[in-house]
Structures are given as structure tokens and as C-alpha cells.
Amino acid sequence: LATAPMWFLPCLFIVCLLYKALWDTFKSHKAVLPICFVLSAAAKIFFEEPIMVWSFNHGIKYLIYYAIGAAVFPVIKNFDFSAVKNLAVWQKALLAIAVTADIWYVCCIYFGRNIIPTPNLVSACAAVFINAMAIIIFMTLLSMIISRFKPLSVIGRETLGFCCGESISRALL
């Protein structure tokens with residue numbers, strides 16, 4: 001399908017609408033985050049497949065990532081990551097072990113090795129939370145590394161526009 005790379009655009013639209021509705025209703029991350037965890041876990045258990053119109057089920061499933069990002073952004077937007085240089089050796093070692101464990105866990109998720117069984121809503125909530133935090137930490141670290149290399153940074157910014165433009169052009173032709 002020519003437009004397959006753009007599946008996330010309607011999904012993102014759904015996520016933004018759901019999050020805005022929740023935020024307008026509760027106006028607190030302490031209230032919105034648990035609701036998003038439960039909704040994401042329920043979507044994972046009850047209707048992960050087949051893909052619904054506008055990727056509605058995937059929008060609900062990925063809502064937790066958006067909610068965590070919205071909650072954490074005010075805290076990390078001004079965080080000085082260069083402070084890691086000033087850590088003691090044992091703190092750097094502990095950080096390296098945590099990063100290695102996170103990378104291993106994200107690889108397990110990516111290759112479909114379900115480490116946390118999800119037979120019920122409570123365990124699905126735990127899995128969604130742990131998976132979301134692992135992926136967010138991994139992506140933050142990866143983006144920090146990529147941002148240090150100008151060519152990779154430019155490629156990353158241009159990829160979305162290129163993929164969508166190419167897909168639309170191919171579909172039209």
C-alpha cells in the first residue's frame with residue numbers, strides 16, 4: 001500500500017483528541033496518567049487487532065506515550081544532560097548498567113519477546129507502564145546521541161517529510 005508509512009498520522013490525531021479531552025476534563029497529570037495507563041492496557045488486551053478506522057485502537061494503545069511525554073516534558077526540557085560528566089565513578093557505572101538493561105529490554109520488546117505476561121488488566125497496565133518508560137528512556141538517550149552528529153540530526157528531521165511526500169507522489173502516479 002503506497003500510503004502505509006503514514007498510518008501514524010490518523011493515529012496521532014486520535015491520540016491528540018483523546019488526550020485533549022482527558023486534559024480538559026481533569027486538568028492534572030496525576031489524574032490523566034492513570035486513566036491513560038488503563039485505556040492503553042485495555043486496548044492492548046481487548047482490541048489490538050484488526051486495525052480500526054483511523055487507527056483508533058492503536059491511538060488508544062499509544063495514548064500512554066503521549067501522556068507520559070506531556071507530563072515529563074516540563075521537567076526535562078531544561079535539564080542539563082552534561083551534568084552526567086560530574087557524577088562519581090560509581091554513579092556513572094550504575095547509570096551505564098541501567099542504560100544497558102534498558103537497551104536490552106527495548107530490544108526484547110522490539111523482537112517480540114514478551115517479558116511481562118499480560119493475562120489481565122492489572123498486569124497489562126504494569127507492562128504498558130514498564131514498556132513505555134523503557135522506550136521513552138531509550139529514545140531520549142538515542143536522540144541525545146543523534147543530536148550530537150549534525151548529518152544524522154538533519155536526516156532525522158527530513159525523513160518524515162520525505163516518506164510522506166514520496167508515498168503521496170507514488171499513490172498519485
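For this chain, numbers begin at 1 and follow the sequence in order. Everything numeric in this text was worked out from a predicted model, so none of it was measured.
- Counting Ile, Leu, Val, Met, Phe, Trp and Tyr side chains that sit under 4.5 Å apart, directly or through other members, Trp90 shares a hydrophobic cluster with Leu94.
- Tyr66 OH to Cys11 SG: the interatomic distance, rounded to the nearest 0.5 Å, is 12.0 Å.
- Nearest heavy-atom pair across His29 and Pro34 is O-CD, 4.0 Å.
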Cut-off 3.5 Å, no hydrogens considered: what does the side-chain donor-acceptor table look like for residues 12-24, sequence neighbours left out?
from  : atom 1 : to    : atom 2 : distance (Å)
Lys20 : NZ     : Asp24 : OD1    : 3.2
Lys20 : NZ     : Asp24 : OD2    : 2.8

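- Remark: Lys27 engages no residue in a salt bridge (charged side-chain N to carboxylate O under 4.0 Å, His left out) (not counting sequence neighbours).
- Of all non-hydrogen atoms in Cys36 and Ala67, the two that sit nearest each other are SG-CB, 3.6 Å.
- Without hydrogens or angle criteria, Ser40 side chain to Tyr62 main chain gives no donor-acceptor distance under 3.5 Å.
- Summarising the geometry of Phe26 relative to Ile35, their closest heavy-atom pair is CE1-CD1, 3.3 Å, with the distance given to 0.1 Å.
- Remark: Asp102 CG to Ile97 CD1 distance equals 13.5 Å, nearest 0.5 Å.
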